[in-house]
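Numbers restart at 1 for each chain; the letters A, B, ... are given by sequence-line order, proteins then strands.
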There are 2 protein chains.
Amino acid sequence: MAEVSSNLPGRIGILGGGSWATALAKIVLTRQPHLNWLLRTTNHIKEFTRLKHNPNYLTSVTFDTSRITFFTDSDVNDFFRACDTVILATPSPYIRYYLKRVRTSVIRPKLIINAIKGMVPEENILISDYLQEYKELRPGQIGVIAGPCHAEEIAKDRMSYLTVGCFDLGKAKVLSEELFSNDYVHCAVSRDVVGIEYAAVLKNIYAIAAGICHGMNKGDNFQSVLISNAIAEMSHFVGTVHLLNRDVTESVYLGDLLVTAYSSYSRNRTFGNMIGKGYSVRAAQMEMNMVAEGYYGAKCIHEINQRYQVTMPICDTVYEILYEGAPVEASITKLAALFK
Amino acid sequence: MAEVSSNLPGRIGILGGGSWATALAKIVLTRQPHLNWLLRTTNHIKEFTRLKHNPNYLTSVTFDTSRITFFTDSDVNDFFRACDTVILATPSPYIRYYLKRVRTSVIRPKLIINAIKGMVPEENILISDYLQEYKELRPGQIGVIAGPCHAEEIAKDRMSYLTVGCFDLGKAKVLSEELFSNDYVHCAVSRDVVGIEYAAVLKNIYAIAAGICHGMNKGDNFQSVLISNAIAEMSHFVGTVHLLNRDVTESVYLGDLLVTAYSSYSRNRTFGNMIGKGYSVRAAQMEMNMVAEGYYGAKCIHEINQRYQVTMPICDTVYEILYEGAPVEASITKLAALFK
């Protein structure tokens, strides 16, 4: 535990105003007296302060706003300066915008916990890699929080299980105890930062596949085989890109895949479902009000896998349907023939 | 492939008249010209012949009864004599009744494929063990067919995945090709007869647990963690009682657990759901028209595990709720604290 500084986790910040960010804010405020929270606009903050809840997401969760200091997009450097530990919780397409604007000298000494279930677009790398390559953070300054955890159920205080990963397990333990464990959240610890980040990206792609098959009315038998093959594919890919002794049946891998692929709350599954029912990709995107992370994830993983050449037919199929206009029926039939 | 006799699978029989037996009969008749089928009573057979479908289960599936020779309970020895390969597909509580009645000299030379997702009650042993211990079958004469496969979806020709297991893999391949593979069934092969049999018993117990938690409204996050812990528990138990290099993410293990634990067709989940909603065990059983295999499985596994002493909190919890009157709420709370 040598690396753990005595004031960990210090002053806490959350970057992001969506449902997952709001759920994390709720959790953190059960353990911490104060929170810095970056929302996008002054208007958003005004509405939040007036209503005592996020005007757009998890509106049933009320907050004591006297315990929150809000920041806007234009304050991003001030926001990081006001924090010792920052949880990144924007949708993945937006994170680059913030990380480019925050000065390296400002973010470098902070502890950054990635709660984003996606990668940095364009650069096509994990958030943890981006932080190291572009912002000069040491691995010891980076963590990840993930797990089978629909924000909507956190809103209802339903028992949920998260996992916080740090390269330094002692640090993960402190974060689990000081930030994330409470009456309705059980927070495990892990060293597998990279594996957890990749698993979180992959499960959204698999959830799109599950949605497509659901939309095509393929049935429960087929769905269960798809998920079994998906976890095997995940295990294979993550094992190739980051060798570590991990058990993919743990809830941060399998559980998160299950909750995303089987749950009606999942936006990725919903997006896939529309594709399976015959919507075009564009039409499905327009109909949805939220970003389906797996849409971006499919492209990122496809490009990364050019290097690793792991056999991953499910991700390939989703990529081909979403980006290359592959016909849905024929693609899924071809995929089904490969299932074990 | 030395053990595979040239006339495998020979004349085929199915023992059992429920939905799973009916689905198997439908599958087998896509590959074989003729089927011997043991139903319980003359009345049942008369109605079947008149209606051209099973009067009680999967009534949408019509059969060409000129290709079926029916037998009743009282013909059990004649039935076995008329077959070279017999698929056992009764609910587990009834199999002992038939196996006690069939003469050892009659059944001993047959190839027996176990399709029962349960154990022999009272003796508390796997079907494959019973056949060896009480009916003198050699291991090479025993197989198992399982997988994530709701009979109701076979009825609709929905793509499904089965696995046939034999100690002799060559025999499994012949059975897969000659009996179980068709346009809507993909049938894999395995050597893990014992593991597959145990997995089929365990998944029903886990489905009861899933149903209980669903009935208690524990939410999707919790459910996914329950299933993740269940597959780990299954892996641990099966790995202890039968050492073999197996991957529990394969569809015959994980897939079957998923389809049973997540599907609305599952009688085990439905049974658990009623318990979770506050029904007594007796009332839930009376309300249901089908046998919930997991009810018997929970007792069998509990007793077998007295010998192995594997840590299996989910099975223990289901056993305590079903057989020892343990309070549901407190039991699940205690269990939840152990989840990883």
Next item on the list: Name the option with the most non-hydrogen atom pairs under 4.5 Å to chain B; the candidates are A/Leu254, A/Asn229, A/Asp220, A/Val252.
Entry: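 Result: the option with the highest number of such pairs is A/Asp220.
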Item checked: When A/Asp247, A/Leu257, A/Asn217 are compared by non-hydrogen pairs under 4.5 Å with chain B, the top option ->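 The residue among A/Asp247, A/Leu257, A/Asn217 with the greatest pair count is A/Asn217.
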Shortest non-hydrogen contact from [X] toward [Y]:
{"X": "B/Cys149", "Y": "B/Val259", "value": "N-CG1, 4.0 Å"}
{"X": "A/Ser224", "Y": "B/Pro148", "value": "OG-CB, 3.0 Å"}
{"X": "A/Ser251", "Y": "B/Val225", "value": "CB-CG2, 4.0 Å"}
{"X": "A/Glu293", "Y": "A/Ile116", "value": "OE2-CG2, 4.4 Å"}
{"X": "A/Gly16", "Y": "A/Ala21", "value": "O-CB, 3.1 Å"}

So what's closer than 4.5 Å to chain B heavy atoms on [X]: side chain, backbone, both or neither?
{"X": "A/Tyr262", "value": "side chain"}
{"X": "A/Val248", "value": "side chain"}
{"X": "A/Tyr253", "value": "neither"}
{"X": "A/Ala188", "value": "neither"}

Margin query: Using heavy-atom distances under 4.5 Å, tell me whether B/His150 contacts chain A through its side chain, its backbone, both, or neither.
Written below: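 For B/His150, the contact with chain A is made by backbone and side chain together.
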Checklist line | Side-chain (B/Tyr161) to main-chain (A/Ala336) donor-acceptor, under 3.5 angstrom | finding: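 At least one qualifying donor-acceptor pair exists.
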Check: In terms of heavy-atom contacts, does CZ of A/Arg31 have more than 12 from other residues, nucleotides or ligands at under 6.0 Å?
Finding: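 Buried by this count: over 12 neighbours within 6.0 Å.
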Next item on the list: Return the option, out of B/Ser235, B/Ala337, B/Ser263, with the maximum number of heavy-atom pairs under 4.5 Å with chain A.
Entry: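 The answer is B/Ser263.
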Note to self: Counting heavy-atom pairs under 4.5 Å with chain A, which one of B/His186, B/Gln223, B/Lys156 comes out on top?
What the structure shows: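 When all of B/His186, B/Gln223, B/Lys156 are compared, B/His186 has the most.
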